[in-house]
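A note on names: the letters A, B, ... follow the listed sequences, proteins ahead of strands, and every chain is numbered from 1.
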Amino acid sequence: MARSGRGRLDPRRDRARAAHAGAGAGGRARGRAGRLIGYRARLYCGSRFLSLRIRMRTTKLLLATVKETPADAEVISHQLMLRAGMIRKLAAGLYTWLPLGLRVLHKVERIVREEMDRAGAQEVLMPAVQPAELWQESGRWEQYGPELLRLQDRHQRDFCFGPTHEEVITDLVRRELKSYRQLPANFYQIQTKFRDEIRPRFGVMRAREFLMKDAYSFHIDAASLKETYAQMYDTYSRIFTRLGLQFRPVEADTGAIGGRASHEFHVLADSGEDAIALCDRCDYAANVELAPALPPLGKRAAPGTALMTVDTPGAHSIEEVSRHLKVPPERTVKTLLVRGTGGVVALVLRGDHELNPLKAERLPAVAKPLVFVTPGEVEVATGCEPGSIGPVGLRIPVIADESAARLADFVCGANVNGRHLINVNWGRDLPEPIVADIREVVDGDPCPSRSGECQGKLRIRRGIEVGHIFQLEKKYSEAMQASVLDENGQAVVMTMGCYGIGVSRVVAAAIEQNHDANGIIWPDAIAPFTVALVPIGYQKSDAARTATDELYRALIAAGIDVLLDDRNERPGVMFADMDLIGIPHRIVIGEKGLAAGTVEYKARNQKQVESLPLRAVGEFFRTRSAP
RNA sequence: CGGGGUGUAGCUCAGCCUGGUAGAGCACUUGCUUCGGGAGCAAGGGGCCGGAGGUUCAAAUCCUCUCACCCCGACCA
């Protein structure tokens with residue numbers, strides 16, 4: 001659950017309002033259908049189910065389901081999107097959205113639009129192809145690297161296919177906005193982006209072409225930016241709550257986009273590509289890239305036995321050395337050599353810890369970006385090969401992580417091939433190192449919020465990044481000279497924020513979080529259809545067909561997105577398909593039940609089946625609380 | 001970019017090692033039976049074996065080149 005107050009996010013408030021506003025919505029559906037489902041059903045305009053007024057018969061729909069799992073799909077969402085007939089691959093990282101998938105995409109878009117509009121943002125649509133000049137102006141033409149798809153037109157002029165739109169919006173705004181009175185302003189678009197990923201994978205989760213909502217806000221000062229940033233934080237929480245996803249906002253690095261404060265919104269899923277650190281007691285949450293590791297408590301133990309050199313033939317990795325010497329990894333130390341601002345630098349970590357490259361890059365002595373030195377350079381700096389390096393006797397700067405600096409009587413490489421040192425002690429056998437936090441936090445580390453006052457422990461979980469908000473400040477507006485006049489008639493460079501949501505990725509993330517052995521289980525809000533009508537013997541039984549058709553019309557009139565399976569298929573086939581494509585509510589109409597005036601209801605996320613009087617179906621959907 | 005792998009029917013794959021003119025299951029078409037959880041039987045349609053070149057009497061199969069796709073790799077120290 002998001003940090004924001006639950007009351008304001010409660011979708012039921014909207015529902016009540018919509019019910020009032022929707023009077024007369026189903027006016028045309030009077031008569032038999034109206035009677036069948038009850039007149040009051042017309043008042044229900046489907047806000048809870050977010051109707052796009054979709055109705056469909058399976059015989060008219062490209063229901064491209066397949067039984068076998070495609071060979072090259074690794075993650076479950078990719079497999080199910082292919083099997084359910086939502087997408088098809090055209091080329092690496094490029095996908096066609098089939099009718100069923102597109103409906104889901106549109107429902108996500110609609111929720112995003114509603115919430116962005118509600119927050120006062122204005123929708124625009126910028127070109128996907130952008131001139132190189134703008135990117136040269138911001139300096140990103142050189143910085144961006146091969147992820148930027150560059151093109152030339154017939155006049156050999158340079159363009160790129162936009163991976164993001166800071167330059168274009170900043171250019172627009174500097175031309176159109178003249179006065180502080182026009183600020184703050186927030187513009188967004190929902191548009192196709194292209195990033196030439198090294199390795200596209202996981203279907204639309206990490207595709208090259210993808211659909212993104214991106215928004216850019218402009219301000220007269222930092223205080224105004226903070227206000228809009230906080231508003232976007234709440235808006236994103238509302239959006240992901242309405243989408244029916246389990247998510248967490250986490251503190252994040254700003255990466256290539258630049259700027260200062262930043263939060264990512266992660267959908268929690270084991271298949272997520274990012275590791276996030278969550279406190280088990282307070283609301284602290286951060287990308288592990290960013291989470292600080294607190295220094296260990298207590299003081300370093302006094303040195304024990306004297307330093308000794310031991311043979312460790314063939315033992316290179318921490319695991320091998322630890323097994324060979326029968327010393328736990330947390331009593332060993334690993335030494336990593338990286339490029340520094342003035343020659344090679346040694347980074348020392350406890351054997352059981354991993355380097356956090358972002359933290360290392362932030363040290364003044366370390367070159368940015370972080371680069372590991374070649375084996376040849378290792379030889380020059382230490383006289384040995386990788387696998388036997390240690391901090392003792394090095395004539396280069398030694399930077400130790402807080403935990404490594406706290407060790408006494410530890411094990412490290414001897415800078416001689418096939419040998420390690422035991423009982424090593426800082427200050428006795430080698431100088432005290434420069435100490436810094438350069439490691440990745442691990443499960444069980446103390447929570448760093450308010451310097452550990454909360455006494456909680458960090459848990460490492462996987463997440464799928466579906467949203468990211470940044471306070472860009474003046475990175476682009478300064479480079480591109482986007483300014484307005486303030487109240488004194490002075491030109492002031494605008495302060496900016498930017499806010500992204502991976503719309504197509506949200507679809508995949510929702511499946512990662514909501515599926516079972518039979519297929520997808522859509523949250524109501526983004527299901528391609530809300531209700532599946534499955535008649536038994538639609539082609540043969542007049543009674544079944546008549547009742548089904550009436551119910552179909554009645555549900556449509558009530559504003560519910562309904563899919564009627566009118567295929568001449570065996571029931572098992574229809575059940576399997578409706579389960580696979582994840583329709584959240586299923587009504588089966590059969591002669592047996594009809595004789596008693598009932599139909600059968602099953603929720604996709606429940607096991608049990610219930611019998612409903614045919615006449616009560618409308619009432620049922622109106623009053624049932626969302627699963 | 002480096003390493004590995006795979007391209008044969010719409011899909012999943014066998015055949016390739018050991019050359020002799022292409023197969024299975026699913027899907028599709030037709031008929032009969034079946035009909036509440038991916039039916040059975042029967043009869044059919046569909047592939048110039050990713051592309052180009054070579055070896056050979058003969059190439060899906062052997063050789064060379066090429067294209068596409070997939071997996072692993074930028075944290076051994």
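Geometrically, A/Arg586 engages A/Phe575 in a cation-pi contact, judged by NZ or CZ lying under 6.0 Å from the ring centre and within 45° of the ring axis. Both tests hold for A/Arg150 against A/Trp141: distance to the six-membered ring centre under 6.0 Å, angle to the ring axis within 45°.
Side chain to side chain, A/Asn287 and A/Glu264 meet the donor-acceptor criterion of an N or O pair below 3.5 Å. Side-chain contact of A/Arg57 with A/Tyr538: a donor-acceptor pair under 3.5 Å is present, judged by distance alone.
Using a 4.0 Å cut-off between a side-chain N of Lys or Arg and a carboxylate O of Asp or Glu, A/Asp566 and A/Lys60 do not qualify as a salt bridge.
Residue contacts shown for A/Lys540 include a base, since a base heavy atom lies under 4.0 Å away. Backbone-only contact: A/Pro571 has heavy atoms under 4.0 Å from sugar-phosphate atoms and none from a base. A/Val371 comes within 4.0 angstrom of nothing in the nucleic acid, heavy atoms only. Using a 4.0 Å heavy-atom criterion, one finds that A/Val573 contacts the bases of the nucleic acid, with or without backbone contacts as well. Note on A/Arg83: a base of the nucleic acid sits closer than 4.0 angstrom, heavy atoms only. Residue-level contact check: A/Gly413 touches neither bases nor backbone, having no heavy atom under 4.0 Å from any strand. Nucleic acid contact for A/Glu385: none, since no nucleic acid atom lies under 4.0 Å from a heavy atom of the residue.
Comparing the same atom, P, in B/C70 and in B/A58 gives a spacing of 38 Å after rounding to whole Å. Nucleotides B/G20 and B/A59 place their C1' atoms 10 Å apart, quoted to the nearest Å. For B/U6 and B/G53, the C1' atoms lie 22 Å apart once the distance is rounded to whole Å. Going from the C1' atom of B/A22 to that of B/G36 covers 41 Å, rounded to whole Å. Taking atom P in both B/C49 and B/U8, the straight-line distance is 11 Å, to the nearest Å. Remark: the separation of the C1' atoms in B/G5 and B/A42 is 41 Å, to the nearest Å. Between B/G37 and B/G47, the two P atoms lie 37 Å apart (nearest whole Å). To the nearest whole angstrom, the two P atoms, one in B/U21 and one in B/A60, are 10 Å apart.
Contacts with RNA chain B (heavy atom under 4.0 Å) in residues 340-355 of chain A: A/Glu354, A/Leu355, listed by number. Of the residues in residues 424-444 of chain A, not one comes within less than 4.0 Å of RNA chain B through any heavy atom. Near RNA chain B, meaning a heavy atom under 4.0 Å from it, residues 317-330 of chain A has A/Ser317, A/Ile318 in order of number.
For A/Glu320, there are no salt bridge (Lys or Arg N to Asp or Glu O under 4.0 Å) partners two or more places apart in sequence or in a different chain. Looking at residues two or more places apart in sequence or on another chain, you find a side-chain contact (heavy atoms from CB on, under 4.5 Å) between A/Arg331 and A/Val327, A/Pro328, A/Asp409. For A/Asn568, there are no side-chain hydrogen bond (donor to acceptor under 3.5 Å, both in side chains) partners at least two apart in sequence or on another chain. Residues satisfying the side-chain contact (heavy atoms from CB on, under 4.5 Å) test with A/Ala91, not counting sequence neighbours, are A/Leu94. Here A/Arg323 pairs with A/Glu319 under the salt bridge (Lys or Arg N to Asp or Glu O under 4.0 Å) rule; sequence neighbours left out. With sequence neighbours excluded, the residues that form a side-chain contact (heavy atoms from CB on, under 4.5 Å) with A/Lys193 are A/His165, A/Gln189, A/Gln191, A/Phe210, A/Met212, A/Asp214. For A/Glu432, the salt bridge (Lys or Arg N to Asp or Glu O under 4.0 Å) partners two or more places apart in sequence, or in a different chain, are A/Arg300. Legend: residues meeting side-chain contact (heavy atoms from CB on, under 4.5 Å) with A/Glu354, ordered by chain and number and at least two apart, are A/Lys334, A/Glu440.
With a cut-off of 3.5 Å on both Watson-Crick or G-U wobble distances, the partner of B/C69 is given as B/G5. B/C28 is paired with B/G44 under the criterion used here, namely a Watson-Crick or G-U wobble arrangement in which both key atom distances are under 3.5 Å. Base-pair partner of B/C62: B/G54 (Watson-Crick or G-U wobble, both distances under 3.5 Å). Pairing for B/A74 is absent, judged as Watson-Crick or G-U wobble with the two contacts each under 3.5 Å. B/G19: no Watson-Crick or G-U partner with both key distances under 3.5 Å is found in any strand. Of the nucleotides present, none pairs with B/G38 by Watson-Crick or G-U wobble criteria with both distances under 3.5 Å.
A/Trp135 and A/Tyr144 have perpendicular rings, their planes meeting at more than 60° on a 0 to 90° scale where under 30° would count as parallel.
Here the shortest heavy-atom pairing between A/Ser77 and A/Ile511 reads CA-CG2, 3.7 Å.
Ring centers of A/Phe529 and A/Trp522: at least 6.0 Å apart, outside the cut-off.
Residue whose closest nucleotide on RNA chain B sits further toward the 5' end, between A/Gly390 and A/Gly93: A/Gly93. Both A/Lys334 and A/Glu68 lie near RNA chain B, and the one whose nearest nucleotide falls closer to the 5' end is A/Glu68.
First and last contacting nucleotides of RNA chain B toward chain A (any atom under 4.0 angstrom from a heavy atom, 5' to 3' order): B/C11 to B/A77.
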